[in-house]
J.: 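I have a structure I would like to understand better, so I am pasting it below and will then ask my questions one at a time.
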Amino acid sequence: MTEEKTTEPVVTRKDLARVARRNIFGLQLGWNYEKMQGLGYCYTVLPILKKLYKDDPDKMKAALQNHLGFFNTTPAMSHLIVGANTALEEKLKGSDQDAVTGLKTGLMGPFAGVGDTLFVAIYRTLVFSIAAYLALQGQAVGLLIPLIAGFVILYIRYKFTFIGYNQGQRLTTEFGGQLKNLTEAAAILGLTVIGALIPAVIKPVIPLAFNIGKVKLDFQTLLNQIIPGIIPIAIVLFSYWLLGKKKMTSTRLLFILLAIGIILGNLANIVKLF
Amino acid sequence: MTEEKTTEPVVTRKDLARVARRNIFGLQLGWNYEKMQGLGYCYTVLPILKKLYKDDPDKMKAALQNHLGFFNTTPAMSHLIVGANTALEEKLKGSDQDAVTGLKTGLMGPFAGVGDTLFVAIYRTLVFSIAAYLALQGQAVGLLIPLIAGFVILYIRYKFTFIGYNQGQRLTTEFGGQLKNLTEAAAILGLTVIGALIPAVIKPVIPLAFNIGKVKLDFQTLLNQIIPGIIPIAIVLFSYWLLGKKKMTSTRLLFILLAIGIILGNLANIVKLF
Amino acid sequence: MTEEKTTEPVVTRKDLARVARRNIFGLQLGWNYEKMQGLGYCYTVLPILKKLYKDDPDKMKAALQNHLGFFNTTPAMSHLIVGANTALEEKLKGSDQDAVTGLKTGLMGPFAGVGDTLFVAIYRTLVFSIAAYLALQGQAVGLLIPLIAGFVILYIRYKFTFIGYNQGQRLTTEFGGQLKNLTEAAAILGLTVIGALIPAVIKPVIPLAFNIGKVKLDFQTLLNQIIPGIIPIAIVLFSYWLLGKKKMTSTRLLFILLAIGIILGNLANIVKLF
Amino acid sequence: MTLSIGLIIILTLYVGLAQIDALSAQLGLYSPLFGGMITGLLMGNITIGLLVGGTLQLMILGVATYGGASVPDYLSGSIIGTAYAILSAKGAQYGIGLAVPIGLLLTQLDVLARMSNLFFQHMADRHARTGDYRGVERANLFGIIPWTLSRMIPVFIGLFFGNSVVNLINQYMPAWLMLGLKTAGAILPALGIAILMRYLPLKKFFAFFIIGFVLMAVGGTNMTMMAVALIGLALAAIYMLFKNEFKPAPAGGSPAARTKQNDDDEEVEIDD
Amino acid sequence: MTLSIGLIIILTLYVGLAQIDALSAQLGLYSPLFGGMITGLLMGNITIGLLVGGTLQLMILGVATYGGASVPDYLSGSIIGTAYAILSAKGAQYGIGLAVPIGLLLTQLDVLARMSNLFFQHMADRHARTGDYRGVERANLFGIIPWTLSRMIPVFIGLFFGNSVVNLINQYMPAWLMLGLKTAGAILPALGIAILMRYLPLKKFFAFFIIGFVLMAVGGTNMTMMAVALIGLALAAIYMLFKNEFKPAPAGGSPAARTKQNDDDEEVEIDD
Amino acid sequence: MTLSIGLIIILTLYVGLAQIDALSAQLGLYSPLFGGMITGLLMGNITIGLLVGGTLQLMILGVATYGGASVPDYLSGSIIGTAYAILSAKGAQYGIGLAVPIGLLLTQLDVLARMSNLFFQHMADRHARTGDYRGVERANLFGIIPWTLSRMIPVFIGLFFGNSVVNLINQYMPAWLMLGLKTAGAILPALGIAILMRYLPLKKFFAFFIIGFVLMAVGGTNMTMMAVALIGLALAAIYMLFKNEFKPAPAGGSPAARTKQNDDDEEVEIDD
Ligand SMILES: OC[C@H]1O[C@H](O)[C@@H](O)[C@@H](O)[C@@H]1O
Ligand SMILES: OC[C@H]1O[C@H](O)[C@@H](O)[C@@H](O)[C@@H]1O
Ligand SMILES: OC[C@H]1O[C@H](O)[C@@H](O)[C@@H](O)[C@@H]1O
């Protein structure tokens, strides 16, 4: 299918579909600290290996060992690599396992960068923040958002296997550029939503009021006259700033926020102490 | 007046003003399926023809027949063509009727494209949508908007005759570019207004509510929590999508919308049937 | 400190700090119609002159007379010039007073343009309009805005002395470009705030209502249905337009606005007269 | 309430004048909005006229006589519909419900007028051959007759038989249809809007469409169309500002090519 | 209220399934949001489930298993926390307060599962050397066991001893802590949001973050997240429109270089 | 209420200090806003002080001493105006109405101060010729005297005769003028805003002006100036982002030329 191939293809649409399904289901089942997704990767491409090397035990052994090697990338992006790998494997027929390894290890790094940003960070922000926002308003219907989006992603993953197979080694250039653009646009959308999420879901009630003469000044109401949501954004920006500090971990930040919450919640009583 | 002219002009400001008035009033009176605005066009330029060919019956006959030929463009844009035509006619003095016809038929097509977008689609969106919106709120004062804008357009049409006369055949390049820019900016404005119009004027009341336990859930209120105006935009996008289908006409869509309206309006009763 | 210098510097950090303080405090104390900030400028750089020419009465006299000459620029920007001047003076040691004058008079003009826009027009808009807006709502806390911003500006002015000293004569090119960019961004921010200020602080109550049949139509309510704030923006645009007229001064405009206010305020009574 | 013969004649004359406006100065008399308003005004209930006219106006927002196409005659529809609504005292929705089929029916008379004018075109052709320019002039002016009659006759008839028609309808129209027409009237503006969206470069500029929608949808009670229009103006100005500031100098002919592409995108044919 | 053994088993099975979802199809069953909702649904109080799940979801918004990192197990946390909240009848804040330490504790079991799988990797390596591809296949599927058990065991135990734990806590938790946890629950979503901001190109695109914040903060009762998301979509589209229209043709390799620079800006390491 | 002599002296000292602030650190003491607030605070009615000072501040928003121009002395105006408003118990509008003519009148004293300093400039010139740098130093510091006296004297007099002046006015000011001044006070900020618009690049960036206006006009009760300022900040950042991303490399000297053009557009001379 790619211009690099000379003989007629042995890998069928059905084979690719099968690989795509295995990729979705099996890539991470055997995840471990040594080879990470290596075991799952070998599992994923097994149908191709069987087809190509069924009658050649030596090549089969070599291929198995090769594909059990270290592999790690964003699952959604792995389909592109598996597809490209299949096309190359079909062309080389085991003659050059180093080329195959080169393809895999060359792509997995950059694809993890783009993929984790787009398919993990931004994607989850968009679907789960809106769903969680609706949940906090008591509406379960929002859970349909990640569910439907999840099926869309599954479809994209499925397609990615074929795109990888057809594009072969040109993946990084053309397709990569498109993904970069998409990531940028998605980041804009994601940041807009994140900004909105802050006043929408962070809603502390701070029980603090001053009596000046006969007028009762509620601290929070006063601050909101500058801009509503000023307390939530202050807490977030403070957290963001803390995370930039050395030695700050998300777990430590969690305890800091717990402490702040306990203090704010008891502020009225604390003030009375003085 | 244009650099192409050699002898002193015979066409005066007064002549051009007269042509402009005839253009406004008469261009479409004789509209017919054969020559469309052909009859009106001839009527429009008659004062010029009289002035140039009064003493030359042959040229007059030829010019009359020529200008009775097929013509069709956006009325507002026709002024530019009439103006350019006048300048050319004055220069050629009937020596080359083909050049005149070429000018007319060459410009009318592209000018209809730009003109129908700018002076019909966008212009009417802007003035009539805001006026209709105010009307639906019971305010007649909005009708002043198309009225005032109408006079502005009349003034522009009047000026166009002179611009056409002065620019001559350079019309398409320079002036066309400016109009493209204006059309683009106006399209942005128009689309913003159109988007706003949807929740502003499409306001169905859908009498549908569920009783879950003791809580009464109003269907429309529920949907509006996702985003207000979700029903209007859904109806519009559905209509837009239908219009993209083959065999769909605006009249058919009208009946579909009538049917949807009747169903939605009786929804409470329909649901009870089950 | 700049690459142009050959011998070790005599001007210390402490000297520069002292000059910066004098610049802030003394630049405009002796402001007069003849030399404007000339007297203050001489006062500002005196510590440097003392250090350089203490033992050379002739150079001291020449330097004093030179620095008493005409000078005028935005005070905040003057620090850059004083800094650059110091570096040059230190290098030339009084050998070329014309070069020093050239530096001063060459920079003061363009720096006044940028500086008056950025540090006067835009800066005051931002801090004082928000503070005044809060004041009109009865909140004194807004006064902290100009106060805090004022200290920030003081810090910037202080830094400018050092930047001027280090950049020397390259000031106009590189640094100027950055300031232009900042001015443009600040102008966008300023204009957004100015636009918002209009409906926020101009709040005339126009006591005019018509009785049509049984319906009472309040003039202002009616206009606000077109867009709220239509009266304030009309008054501002009218004032803006007037200011563009020849012979219109801000004092004249003041009286016109007073007259309009008196008329609007008595409108109900005026209408009854007819 | 009944319609006096004087009022019928005035409205008939108005529709003739409005049709001439549609062909010439296009000041707006020809719009359903004016038709409804003027009928309402003359019959003493301007509000109903505004509601009927406004809704019909929105239905026809994207519909125009591009290339000489015939479109539903909602001008006549708005006049007759408003009149019926007031006569029957059944409210604006009722009038809209009637104006729509009337407008559709009258599409045919527009076609007839455009065909009748062929006669005058041929008359002019004959005069041209003899050089009789005055004859050509006259032929064009004669075109007024088919144009105006095609509107004046149906409006006259519609108003003249108004009471009887209204009585007939009131007797036979079922309740569910009335109820349904009410909601239908509320969603019919979608028609004009959707058609218009086909004619505007929606694919390229959909972002602005979304902004307009969201502003109005969530804008609350203070938001008005004029406010959104001003925002739209500002966005258009920013677009032009950026175009002037940032646009790289175009290589020969490329901008034309780019535009062509967009046009292709949007040129969807709609049969009216 | 007490938890029936049947319900405990169903929820235990669910968390196993959800863990497989997390590794494979990622449809969302693995999210605290679903965990809370399903537990709430099965225990007859879906609202509390949504509140517990929603808050935990927001806390973990920016946290992900990048590079195979272990993160707090707020899925198990949300199940147990929701169950405790309903059992104790003390409201969602109570459940959140308990879910957080539970989730943190269970981080360790995730590490254990990832380590256990080393065993199967080595098993597969052995099979590969003999060319036994079926063995390799089996080894990968065995990975399911550590993964699911690492979630099912703690959830089973947590639910089984639920009542006793809840009673214990109720006896000893002071009032000020309850009050404090309530406010803490309301600000904890800041955690997930702040982490996420570290992973997104905030420095380059902070303008859009501000716009989103202001729109929601001053938007009034009509403003919704979907409305802001649509505005965000429009802004992204405008950015792409301008990029297509105005971007000068890049010199060879420069866009990559530019991107690299941005990445550097944002790549702040956070230890979870 | 009457003004104690102590209070008069404190306010007189304040205005002197404020004038030095105007010339040197410019922390804001010199602004009518501070003038009104401090007077109000000392006289026990801070609200009236804020209203008088805030309105005068807005009137002078676009007015500045560009090039050494003399502008109305609304600082002294705000002090005296606030004092009169409180003394007369007639409200802030009353104070504004009086502050305006006072401020205008005092413009002349600013001119006087700037002229008086000529004396010290010449004194410095003499010292320079003899190389007496200490003399030059002293001459500059002497400048403080005309500057402060030009404010302190009128404020002292204005406050000292406060009661009599107020009584006089109350006797002779007609009702319609009071009513009119109230509305006038509400529209006077237009003055400062309009002047400022002349100094900012409105023609190039009018789109942002419109956006600010519409946001505040339709924004409802939640909208604040800070919110609009944040939106303005975001828009400025987007402009800079696009400028960095999309701006074609400028040919030599062209950006300067472009800027010059804009400057020309906006440089409208206004005589104050
Ligand atoms: O489409 C071009 C042109 O065609 C016809 O002549 C008329 O319907 C005009 O309104 C239209 O502008
Ligand atoms: O970071 C790349 C990749 O690493 C691991 O394999 C998993 O945690 C994935 O979720 C992640 O996408
Ligand atoms: O215009 C330059 C400059 O002129 C004078 O020196 C003063 O009024 C300053 O405030 C101003 O910045």
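Lettering of chains follows the sequences in order, A, B, ..., and the numbering in each one begins at 1.
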J.: Sort E:L104 into side chain, backbone, both or neither according to what part of it lies under 4.5 angstrom from a heavy atom of chain A.
T.: side chain
J.: Counting only heavy atoms closer than 4.5 Å, note whether E:L33 contacts chain A via side chain, backbone, both or neither.
T.: both
J.: Is it the backbone or the side chain of E:M223 that comes under 4.5 Å from a heavy atom of chain A, or both, or neither?
T.: backbone
J.: Indicate yes or no: at least one non-hydrogen side-chain atom of E:H127 is less than 4.5 angstrom from one of E:E137.
T.: no
J.: Fit a plane to each ring of E:F142 and E:F120, take the angle between them on a 0 to 90° scale, and name the class: parallel (under 30°), tilted (30 to 60°) or perpendicular (over 60°).
T.: tilted
J.: For E:W176, which atoms come within 4.5 Å of any heavy atom of chain A: side chain, backbone, both, or neither?
T.: both
J.: Determine the option with the most heavy-atom pairs under 4.5 angstrom with chain A, choosing from E:T130, E:L196, E:I211, E:I145.
T.: E:L196
J.: So for A:D58, is it side chain, backbone, both, or neither that comes closer than 4.5 Å to the heavy atoms of chain E?
T.: neither
J.: Any idea which of A:L237, A:N269, A:V127, A:I233 has the most non-hydrogen atom pairs under 4.5 angstrom with chain E?
T.: A:I233
J.: Sort by residue number and list every member of residues 46-54 of chain A having a non-hydrogen atom under 4.5 Å from chain E.
T.: A:L46, A:K50, A:K54
J.: Kindly indicate whether the side chain of A:K35, heavy atoms from C-beta on, has any atom under 4.5 Å from the side chain of A:L39.
T.: no
J.: Identify which part of A:Q139 has an atom lying under 4.5 Å from any heavy atom of chain E, answering side chain, backbone, both or neither.
T.: backbone
J.: So for A:P204, is it side chain, backbone, both, or neither that comes closer than 4.5 Å to the heavy atoms of chain E?
T.: both
J.: Which answer fits A:V193, side chain, backbone, both or neither, if we ask what part of it has an atom under 4.5 Å from a heavy atom of chain E?
T.: both
J.: Given that the side chain runs from C-beta out, which part of A:N181 has a heavy atom under 4.5 Å from chain E: side chain, backbone, both or neither?
T.: both
J.: Of the backbone (N, CA, C, O) and the side chain (C-beta and beyond), which part of A:L267 lies under 4.5 Å from a heavy atom of chain E, both, or neither?
T.: neither
J.: Would you call the rings of A:F71 and A:Y41 parallel, tilted or perpendicular, taking 30° and 60° as the class edges?
T.: tilted
J.: Non-hydrogen atoms of chain E under 4.5 Å away: do they reach the side chain of A:L154, the backbone, both or neither?
T.: side chain
J.: At a heavy-atom separation under 4.5 Å, does E:M115 approach chain A through its side chain, its backbone, both, or neither?
T.: both
J.: For E:S116, is it the side chain, the backbone, both, or neither that has a heavy atom closer than 4.5 Å to a heavy atom of chain A?
T.: neither
J.: Side-chain contact, heavy-atom cut-off 4.5 Å: E:L27 with A:P146?
T.: no
J.: Compare all side-chain heavy atoms of E:L61 with those of A:R124 and state whether any distance is below 4.5 angstrom.
T.: no
J.: Within the 4.5 Å heavy-atom criterion, are E:Y30 and E:Q19 side-chain neighbours or not?
T.: no
J.: Among E:A184, E:A128, E:G54, which residue has the highest count of heavy-atom pairs closer than 4.5 Å to chain A?
T.: E:A128
J.: Between A:F151 and chain E, with a heavy-atom cut-off of 4.5 Å, which part of the residue counts as in contact: side chain, backbone, both or neither?
T.: both
J.: Is there a side chain to side chain contact (heavy atoms under 4.5 Å, CB included) between A:I194 and A:T125 once you walk through the steps?
T.: CA-CA 7 Å; A:I194 276 293; A:T125 308; 3.4 Å; yes
J.: Which residue out of E:Q121, E:Q57, E:M216 racks up the most heavy-atom pairs below 4.5 Å with chain A?
T.: E:Q121
J.: Test your reading of the model: is there a side-chain donor-acceptor pair from A:T74 to the backbone of A:D116, 3.5 Å cut-off?
T.: yes
J.: Taking salt bridge (charged side-chain N to carboxylate O under 4.0 Å, His left out) as the definition, give me every residue that meets it alongside A:R157, ordered by chain and number, with sequence neighbours left out.
T.: none
J.: Below 4.5 Å from any heavy atom of chain A, which atoms of E:V100 appear? Answer side chain, backbone, both or neither.
T.: side chain
J.: Which answer fits A:L197, side chain, backbone, both or neither, if we ask what part of it has an atom under 4.5 Å from a heavy atom of chain E?
T.: both
J.: What part of E:F34 is in contact with chain A, defined as an atom under 4.5 angstrom from a non-hydrogen atom: side chain, backbone, both or neither?
T.: both
J.: Any chance OH of A:Y33 has more than 12 other-residue heavy atoms, nucleotides or ligands included, within less than 6.0 Å?
T.: yes
J.: Look only at the side chain of A:N32 and the backbone of E:R114, and say whether a donor-acceptor pair between them is shorter than 3.5 Å.
T.: no
J.: Does A:Y133 reach the side chain of E:T224, with side-chain heavy atoms less than 4.5 Å apart?
T.: yes
J.: Give the member of E:L233, E:L58, E:L230, E:D132 that has the highest number of heavy-atom pairs under 4.5 Å with chain A.
T.: E:L58
J.: If you count heavy-atom pairs under 4.5 Å between each of E:G212, E:P146, E:G143 and chain A, which one has the most?
T.: E:G212
J.: Given that the side chain runs from C-beta out, which part of A:A200 has a heavy atom under 4.5 Å from chain E: side chain, backbone, both or neither?
T.: both
J.: Relative to the ring of E:Y66, is the ring of E:Y199 parallel (under 30°), tilted (30 to 60°) or perpendicular (over 60°)?
T.: tilted
J.: Does E:R129 come within less than 4.0 Å of E:D125, counting only side-chain N to carboxylate O?
T.: no
J.: Looking at E:F209, E:F205, E:F208, E:F213, which hits side-chain contact (heavy atoms from CB on, under 4.5 Å) with A:T192?
T.: E:F208
J.: Heavy atoms, side chains only, cut-off 4.5 Å: are E:M123 and E:R138 in contact?
T.: no
J.: For the residue pair E:L181 and E:I96, establish whether any side-chain heavy-atom pair is separated by less than 4.5 Å.
T.: no
J.: Let me know if A:F119 has heavy atoms under 4.5 Å from chain E in its side chain, its backbone, both or neither.
T.: neither
J.: Report yes or no: does E:N140 contribute a side-chain atom to a donor-acceptor pair with the main-chain N or O of A:G30 at less than 3.5 Å?
T.: yes
J.: Quick check for you: among E:V52, E:V111, E:T55, which has the greatest number of heavy-atom pairs under 4.5 Å with chain A?
T.: E:V111
